[in-house]
Amino acid sequence: MPQKQQYWLMKSEPGDYSISDLERDTETIWDGVRNYQARNLMRDAMQVGDKVLYYHSNAKPPGVVGIAEVSKECAPDPTQFDRRSKYFDQKSSKDNPRWECVCIRHVQTFEEMISLSQLRGTTSLEGMALLRKGQRLSVQPVTAKEWKIVLKLAGVKA
DNA sequence: GCCAACGTTGGC
DNA sequence: GCCAACGTTGGC
């Protein structure tokens, strides 16, 4: 039985890993998430085949730059065990890993990004998690309605 | 570079 | 379990 289509928004700093990097690599492990809420969403809610809005944070301007999809379910994040990684976590162990993450695959890069200010200016997107004050989660749920609206803004068929 | 908002840590 | 101090995120 087909499961219900779910939608997410995932943030990345383009200087760190941009949508062009994802397009080049085709697929990547979403390592480096060190926030429990974001981890829990990936671990407990995300399913292979879920669609993802790819968001560039700390960018000029910030905004949604394309689409990805979840390609592998959650698994321990290898960077937490790597002493040389900036994501190394001394308190984590292989027996009891603290951090897990999914893999995502590139689907599409928008011809033109949908900037944050454009999203804010879209009345029908009022209430979107991304636009809420103080929202910092790097993995957020997106409703089917919001997904449609953003894709329409991007000129992409849903 | 500033700073508001939020998360985490650790003393008590 | 409280909460102050500190760290991080991320828009501006």
Side-chain angles (χ1 to χ4, degrees), chain A residues 6-25 28-46 50-70 74-104 106-143 145-147 149-156:
Chain A
Q6 299 186 110
Y7 305 99
W8 307 94
L9 179 142
M10 295 168 87
K11 298 181 185 174
S12 182
E13 302 195 14
D16 201 17
Y17 196 80
S18 74
I19 189 132
S20 317
D21 294 324
L22 181 60
E23 188 165 5
R24 180 201 60 213
D25 298 342
T28 193
I29 181 169
W30 203 248
D31 58 17
V33 172
R34 295 293 179 268
N35 171 287
Y36 289 106
Q37 244 181 299
R39 180 206 66 185
N40 292 348
L41 284 174
M42 288 197 284
R43 188 188 60 191
D44 305 333
M46 270 195 190
D50 286 359
K51 304 287 195 211
V52 176
L53 293 175
Y54 200 99
Y55 181 88
H56 278 176
S57 62
N58 251 321
K60 293 174 188 174
V64 178
V65 290
I67 302 170
E69 70 180 8
V70 177
C74 226
D77 178 345
T79 62
Q80 70 194 308
F81 309 123
D82 179 1
R83 285 192 172 274
R84 287 161 307 177
S85 168
K86 65 172 171 172
Y87 299 122
F88 175 69
D89 185 349
Q90 199 152 21
K91 292 178 184 165
S92 189
S93 69
K94 294 210 172 181
D95 290 343
N96 190 17
R98 182 182 282 208
W99 305 110
E100 297 180 41
C101 57
V102 297
C103 290
I104 64 169
H106 181 267
V107 172
Q108 177 173 15
T109 302
F110 293 158
E111 283 181 33
E112 286 183 47
M113 74 167 339
I114 310 303
S115 69
L116 179 60
S117 62
Q118 205 175 336
L119 295 171
R120 284 198 193 285
T122 304
T123 317
S124 49
L125 286 177
E126 268 178 22
M128 188 176 180
L130 176 76
L131 306 180
R132 277 208 291 273
K133 192 175 179 182
Q135 180 55 268
R136 305 186 315 184
L137 259 192
S138 63
V139 177
Q140 311 179 356
V142 169
T143 68
K145 181 172 153 246
E146 290 159 356
W147 175 265
I149 294 166
V150 173
L151 260 61
K152 196 168 183 185
L153 287 173
V156 174

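These numbers come from the heavy atoms of this one structure, side chains and all, not from hydrogens, waters or symmetry mates. The chains referred to below are lettered A, B, ... by the order of the sequence lines, with proteins before strands, and numbering in each begins at 1. Source: prediction; values computed, not measured.
Listed candidates were dG10(C), dC6(B), dC12(C). Nearest to the side chain of K11(A) is dG10(C). Picking from dT8(C), dT8(B), dC12(C) the nucleotide with the shortest atom distance to the side chain of Y36(A) gives dT8(B). Each of dT9(B), dG7(C), dG11(C) was ranked by its minimum atom distance to the side chain of R136(A); first place goes to dG7(C). Of the candidate nucleotides dT9(B), dG11(C), dT8(C), dG11(C) has the atom lying nearest to any side-chain atom of L116(A). Checking dG11(C), dA4(B), dG7(B) against the side-chain heavy atoms of K133(A) singles out dA4(B) as nearest. Of the listed nucleotides (dG11(C), dG7(B), dT9(B)), dG11(C) has the atom at the smallest distance from the side chain of S57(A).
In this structure, E13(A) reaches neither bases nor backbone, as no heavy-atom distance under 4.0 Å exists between it and the strands shown. Residue contacts shown for K91(A) are limited to sugar-phosphate atoms, with no base heavy atom under 4.0 Å away.
When the side-chain nitrogen and oxygen atoms of Q37(A) are compared with OP1 and OP2 of dG7(B), one or more of them lie within a distance under 4.0 Å. Checking the phosphate oxygens (OP1, OP2) of dT9(C), no side-chain nitrogen or oxygen of Y55(A) falls inside 4.0 Å.
Computed from coordinates, the N40(A) CG to dG7(B) P distance equals 12 Å when rounded to whole Å. Following rounding to the nearest Å, D89(A) (CG) and dT8(B) (C1') show an atom-to-atom distance of 12 Å. Atom C1' of nucleotide dG11(C) and atom CG of L131(A) are separated by 12 Å, given to the nearest angstrom. Atom pair L9(A):CG and dT9(C):P shows a separation of 16 Å (rounding to whole Å applied). The CZ-C1' distance, from R98(A) to dT9(B), rounds to 11 Å in whole Å. If you measure from atom CG of L137(A) to atom P of dT8(C), you get 17 Å, rounded to the nearest angstrom. Per the geometry, CZ belonging to R34(A) stands 12 Å off P belonging to dT9(B), to the nearest Å. Taking atom CD on Q140(A) and atom C1' on dG10(C), their separation rounds to 12 Å, with Å as the unit.
Between the side chains of T79(A) and R34(A), at least one donor N or O sits under 3.5 Å from an acceptor N or O. Between the side chains of S115(A) and S117(A), at least one donor N or O lies within less than 3.5 Å of an accepting N or O. Under the 3.5 Å distance criterion, with hydrogens and angles disregarded, a donor-acceptor pair is assigned to the side chains of Q80(A) and S92(A).
A salt bridge links D82(A) and R84(A); the closest N-O separation between the charged side-chain nitrogens and carboxylate oxygens is under 4.0 Å.
Map N58(A) and G134(A) each onto its nearest nucleotide of DNA chain B; the residue landing nearer the 5' end is N58(A).
In E112(A), the CD atom is not crowded: 12 or fewer heavy atoms of neighbouring residues, nucleotides or ligands sit closer than 6.0 Å.
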